[in-house]
Structure formats: structure tokens, C-alpha cells
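Given the structure is predicted, the values throughout are model-derived calculations rather than measurements. Values below: every heavy atom of this structure, side chains too, minus hydrogens, waters and symmetry copies.
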Amino acid sequence: MSTSADLIAQRQRFPALQSENPHRAKAYFNYGGQGPLPQDAIDRLNAVYTEIQQLGPFSLGAGAYVQSIVQNLRNTLAQNLGVGAETIALTENVSSGCNIALWSIPWQAGDTILLSDCEHPSVIATVQELQSRFGLTLQTCSLLKVQSASEALETIAAALTPTTRAVVLSHVLWNTGFCLPLEEISQTCRQFAQQQGHPLYLIIDAAQSAGLLPLNLAALDVDFYAFTGHKWWCGPEGVGGLYVAPETIASLTPAAQGWRGLLLDEQGQIQGLKTSAARFEVATSAYPLYAALSTAITVHDRWGTDHDRFQRILHLSQGLWQELQQRSWITCLLNHPPQSGLVSFRWERGTSAQLVRQLEDQGIFLRKLANPDCVRACVHYLTLEAEIDRLLAALNL
């Protein structure tokens with residue numbers, strides 16, 4: 001792992017973590033909402049926009065240049081997720097990825113979608129619309145107070161029914177920070193589906209896991225894994241991805257189609273859909289953002305491996321959790337050290353909104369969550385021990 005001097009040098013790459021006034025320096029704990037862009041990514045973004053204009057935005061040269069950027073990002077994401085590049089569809093964010101997955105399934109009236117009570121409103125709204133349009137059943141299992149992997153697995157397994165056609169879960173619960181035992185959940189769902197004799201699609205919201213956890217999606221055996229680049233990877237807003245398992249690519253037709261997902265002959269006639277996950281892509285995107293995300297990921301990789309970064313995150317988040325446990329006016333949502341970078345807690349000396357405002361007035365940035373009512377601190381490998389000390393001191397007032 002890199003030294004503390006390397007970490008300070010790494011932080012210098014991120015303008016949002018700097019301050020002209022050292023007494024008003026930002027202590028940033030909102031990586032799970034949006035990570036700060038490294039200057040390298042900002043520079044790359046501007047350089048790519050400039051290059052496209054100089055080549056001619058709709059020229060052969062610009063087209064080839066853009067395609068190299070697209071393929072580079074696809075390769076970079078695939079390498080980080082432990083899968084082949086052909087399984088990655090490039091999207092805008094987690095919500096768009098989950099929508100692609102959910103709307104591509106050939107639903108039948110009476111099918112059941114199982115999700116937890118810790119899912120994001122974007123996912124909930126999509127499922128509710130599917131329920132209304134196709135006569136589906138929506139079933140919710142409660143993971144909000146789950147404290148162990150075995151309890152989570154038992155809760156999900158008990159909620160499966162003969163009509164369950166899809167299970168929608170977050171890998172890391174965005175409100176409590178609990179990390180689900182996804183490999184075991186997948187095995188349970190696969191065994192259940194085999195017994196029932198019908199497909200069961202496992203759709204994962206990876207908003208709080210991609211860029212945080214070391215991942216090997218091939219081993220997790222999920223159908224869809226929707227992620228974004230603007231949180232833990234500290235990329236620009238508007239770029240994400242969707243992993244689609246190889247067997248799932250071949251079995252599903254995307255609900256939304258466009259030229260990027262089509263096979264065209266030399267006369268421009270449609271010959272079908274691409275055989276890769278690119279079939280789930282639609283049309284023109286802001287391609288310089290793709291280059292910026294690739295650059296942001298490279299910046300992190302230069303500091304240390306995904307395992308190095310995750311171990312530092314665990315060290316910091318668990319240290320913060322242990323300190324919060326010592327304060328009687330604070331209640332952590334998890335009763336055990338976190339296995340992610342999210343530390344959520346209740347503050348008994350006022351409202352969550354009051355605390356977030358008070359802290360931000362001091363240059364300490366956290367987030368208030370509504371369900372459950374709590375405050376969430378997101379600890380990154382970029383976080384300094386001194387920033388955690390500063391947060392703890394402010395919570396003592």
C-alpha cells in the first residue's frame with residue numbers, strides 16, 4: 001500500500017479536496033453521493049472536446065477517435081469488474097441501467113418482483129410502473145434492520161415464491177451501509193429457480209459497491225449489475241455501465257433500441273442486434289465524459305490496487321464506527337463494524353437536517369437520509385485520519 005506522503009500527493013489531484021484557507025478546508029464525506037473529480041479527468045475532458053472539434057465533430061477522424069474512447073472505457077470497466085468487455089453496456093447511471101434490465105424482461109401477468117425495503121426510489125418507481133402495466137405482483141422483504149449475512153440470506157430466501165421472476169437488490173445498502181452476501185444470495189436464487197423450472201433474473205443496484213469493493217462479477221453469478229462512475233470512482237456525472245451475464249445477453253431483447261445496439265450492413269440495413277451487451281446501448285452520448293471516467297479510474301489505480309484502496313476504506317470506516325459507538329448521543333445503524341465505506345448513524349441532540357447543516361457550515365460534508373432518518377458519512381481511501389478526527393470533534397459539541 002502507498003505511504004501517507006503518497007496519499008497527500010494523491011489528494012492534490014482533486015481540486016474539491018483543496019482549500020486556499022487551511023482553516024476552512026473541506027472534510028468531504030459524500031463519496032456515496034458524488035465523488036470529486038481529479039484534475040487529470042477535468043483536463044482529459046477538455047482535451048477530448050477540443051480534439052473532436054479540431055477533427056470535425058462528424059468526420060471520419062472524429063468517429064474513429066470516439067470509438068477508441070468508447071472501447072477503452074469498456075475495457076477499463078471490464079477489467080475492474082473481472083469480466084469480459086463484451087458483457088459491458090455503457091449507460092448514464094445506475095437508474096438507467098436498472099431500467100434497461102427491468103424493461104427488457106418478458107413479463108407475464110402474475111409474475112412477482114422481489115425487492116428489499118432498502119432500494120432507491122428510482123428502482124421502486126420503475127417496479128411500480130411495471131406492476132401497473134403488466135399486472136405484476138410486487139413483494140418487499142425487509143433488510144433495513146438486518147445485521148448479519150445469514151439473516152439477510154434467510155430473509156431473501158423466505159420471500160421467494162413460485163411466481164418470483166426477478167429479485168432486485170443493492171449490493172451495498174445505500175442507507176445502512178450493510179454489504180449483502182451476494183454470492184450466497186445468487187446461489188440460493190439459482191437453486192430455487194432450478195427447482196421451479198423457470199428463469200429468475202437477479203438485478204443488482206451497484207451504486208455503492210462499484211469503485212468501492214474489489215469485484216469479480218463472473219464469480220457473483222448475477223444477471224445484471226448496474227453501476228455508475230460518479231460516486232466511488234470519482235468520475236463525471238452522466239457515465240455508468242451495466243454488466244449483463246453472457247447467457248442473459250443472448251436471451252433478452254432490449255426494450256429501447258437505437259443504432260449503437262444494432263448490426264447494420266454496408267447499405268445501412270438492420271441485420272439484427274449486436275451479440276454483446278452493447279445491444280442495450282441506444283445512441284449518441286457525451287463521449288468526452290467516457291474519457292474522463294477512464295482517466296479517473298487510472299488515477300486511483302496509480303495509487304494502489306482495488307484491494308489496497310478497500311483495505312484503507314475498511315480501516316477508516318471501522319475506526320469511525322468504533323469512535324461513534326463511544327458516544328451515548330449517537331446510535332449507529334449497524335451494530336457491528338461496517339464492511340463498506342458507509343457509516344450511518346442517528347444523532348440524539350437534534351434533527352438529522354440540523355446536524356448536516358451545522359457540519360457543512362464548518363466545512364464538513366455529510367448527507368441526511370430520509371429512510372431511515374439518519375446521517376450518512378462515506379469514507380474513501382482519500383479520506384484523512386485528521387478529517388475523521390475533525391468530524392468526531394464537531395459531533396462532540
Side-chain angles (χ1 to χ4, degrees), residues 67 70-108 111 113 123 126-127 130 134 164-171 182-183 185-187 189-190 192-194 196-207 209-210 215-229 239-265 269-285 290 293:
Q67 284 307 307
V70 171
Q71 192 57 46
N72 181 60
L73 176 58
R74 206 185 304 276
N75 292 339
T76 298
L77 294 172
Q79 182 177 4
N80 273 265
L81 299 175
V83 295
E86 72 282 356
T87 66
I88 301 296
L90 301 178
T91 66
E92 294 181 335
N93 44 52
V94 174
S95 296
S96 62
C98 287
N99 266 273
I100 289 170
L102 286 163
W103 284 100
S104 297
I105 295 172
W107 300 107
Q108 299 293 324
D111 287 348
I113 302 178
V123 172
T126 304
V127 171
L130 289 167
F134 297 109
T164 303
R165 294 295 183 271
V167 176
V168 186
L169 300 168
S170 296
H171 195 167
L182 196 51
E183 188 170 355
I185 291 170
S186 175
Q187 291 173 357
C189 290
R190 297 307 182 205
F192 181 84
Q194 188 174 17
Q196 298 300 317
H198 62 70
L200 193 163
Y201 297 97
L202 188 54
I203 302 168
I204 303 302
D205 179 330
S209 54
L215 292 169
N216 182 348
L217 298 188
L220 292 180
D221 191 23
V222 299
D223 291 288
F224 297 98
Y225 199 83
F227 57 92
T228 186
V239 183
L242 176 68
Y243 162 77
V244 189
E247 60 275 14
T248 306
I249 295 173
S251 65
L252 295 182
T253 300
Q257 299 184 14
W259 63 264
R260 274 176 65 180
L262 300 176
L263 291 173
L264 304 174
D265 63 19
Q269 298 300 307
I270 299 172
Q271 300 301 302
L273 293 168
K274 291 181 177 177
T275 57
S276 68
R279 65 167 50 191
F280 294 97
E281 297 172 8
V282 180
T284 305
S285 297
Y290 288 18
L293 176 54

Side-chain donor or acceptor of Thr228 paired with backbone N/O of Asn93 under 3.5 Å: no

Short side-chain to backbone donor-acceptor contact, Ser186 and Leu182, under 3.5 Å: no

Nearest heavy atoms of [X] and [Y], plus distance in Å:
| X | Y | value |
| --- | --- | --- |
| Ala278 | Arg74 | CB-NH1, 4.1 Å |
| Ala277 | Ala89 | O-CB, 3.2 Å |
| Ser276 | Glu86 | CB-O, 3.3 Å |
| Ile203 | Ala166 | CD1-CB, 4.5 Å |
| Gln271 | Asp265 | NE2-OD2, 3.0 Å |
| Cys98 | Val123 | SG-CG2, 4.0 Å |

Step-by-step side chain to side chain contact (heavy atoms under 4.5 Å, CB included) determination, Val168 to Asp205: CA-CA 7 Å; Val168 186; Asp205 179 330; 5.8 Å; no

side-chain hydrogen bond (donor to acceptor under 3.5 Å, both in side chains) between Asn99 and Ser96, worked out: CA-CA 5 Å; Asn99 266 273; Ser96 62; over 6 Å; no

Test side chain to side chain contact (heavy atoms under 4.5 Å, CB included) applied to Asp221 and Glu183, step by step: CA-CA 7 Å; Asp221 191 23; Glu183 188 170 355; over 6 Å; no

Residues which pass salt bridge (Lys or Arg N to Asp or Glu O under 4.0 Å) with Arg260, listed by chain and number, not counting sequence neighbours: Glu281

Geometric class of the Phe224/Tyr201 ring pair [parallel <30°, tilted 30-60°, perpendicular >60°]: tilted

Verdict with reasoning, Ile105 to Arg165, per side chain to side chain contact (heavy atoms under 4.5 Å, CB included): CA-CA 9 Å; Ile105 295 172; Arg165 294 295 183 271; 5.6 Å; no

When rounded to the nearest 0.5 angstrom, what is the spacing between [atom1] in [X] and [atom2] in [Y]?
| X | Y | atom1 | atom2 | value |
| --- | --- | --- | --- | --- |
| Ile185 | Leu202 | CD1 | CG | 7.5 Å |
| Glu92 | Ile100 | CD | CD1 | 9.0 Å |
| Trp103 | Leu130 | CH2 | CG | 4.5 Å |
| Asn216 | Asn80 | CG | CG | 12.0 Å |

Passing option when Ile88 is tested against Val83, Leu217, Val244, Leu242 for side-chain contact (heavy atoms from CB on, under 4.5 Å): Val83

Table please: side-chain donor-acceptor pairs of residues 245-256 below 3.5 Å, with sequence neighbours left out.
from: Thr248; atom 1: OG1; to: Asp223; atom 2: OD1; distance (Å): 2.7
from: Ser251; atom 1: OG; to: Glu247; atom 2: O; distance (Å): 3.3
from: Ser251; atom 1: OG; to: Thr248; atom 2: O; distance (Å): 3.1

Are [X] and [Y] side-chain neighbours, meaning at least one heavy-atom pair lies under 4.5 Å?
| X | Y | result |
| --- | --- | --- |
| Ser209 | Phe227 | no |
| Val70 | Tyr290 | yes |
| Gln257 | Phe280 | no |
| Leu273 | Leu263 | no |

Verdict with supporting geometry, Asn75 and Gln71, side-chain hydrogen bond (donor to acceptor under 3.5 Å, both in side chains): CA-CA 6 Å; Asn75 292 339; Gln71 192 57 46; 3.0 Å; yes

Residues Leu77, Tyr243; criterion side chain to side chain contact (heavy atoms under 4.5 Å, CB included); working and verdict: CA-CA 9 Å; Leu77 294 172; Tyr243 162 77; over 6 Å; no

Crowding at CD, Gln108 (>12 non-hydrogen neighbours, <6.0 Å): no

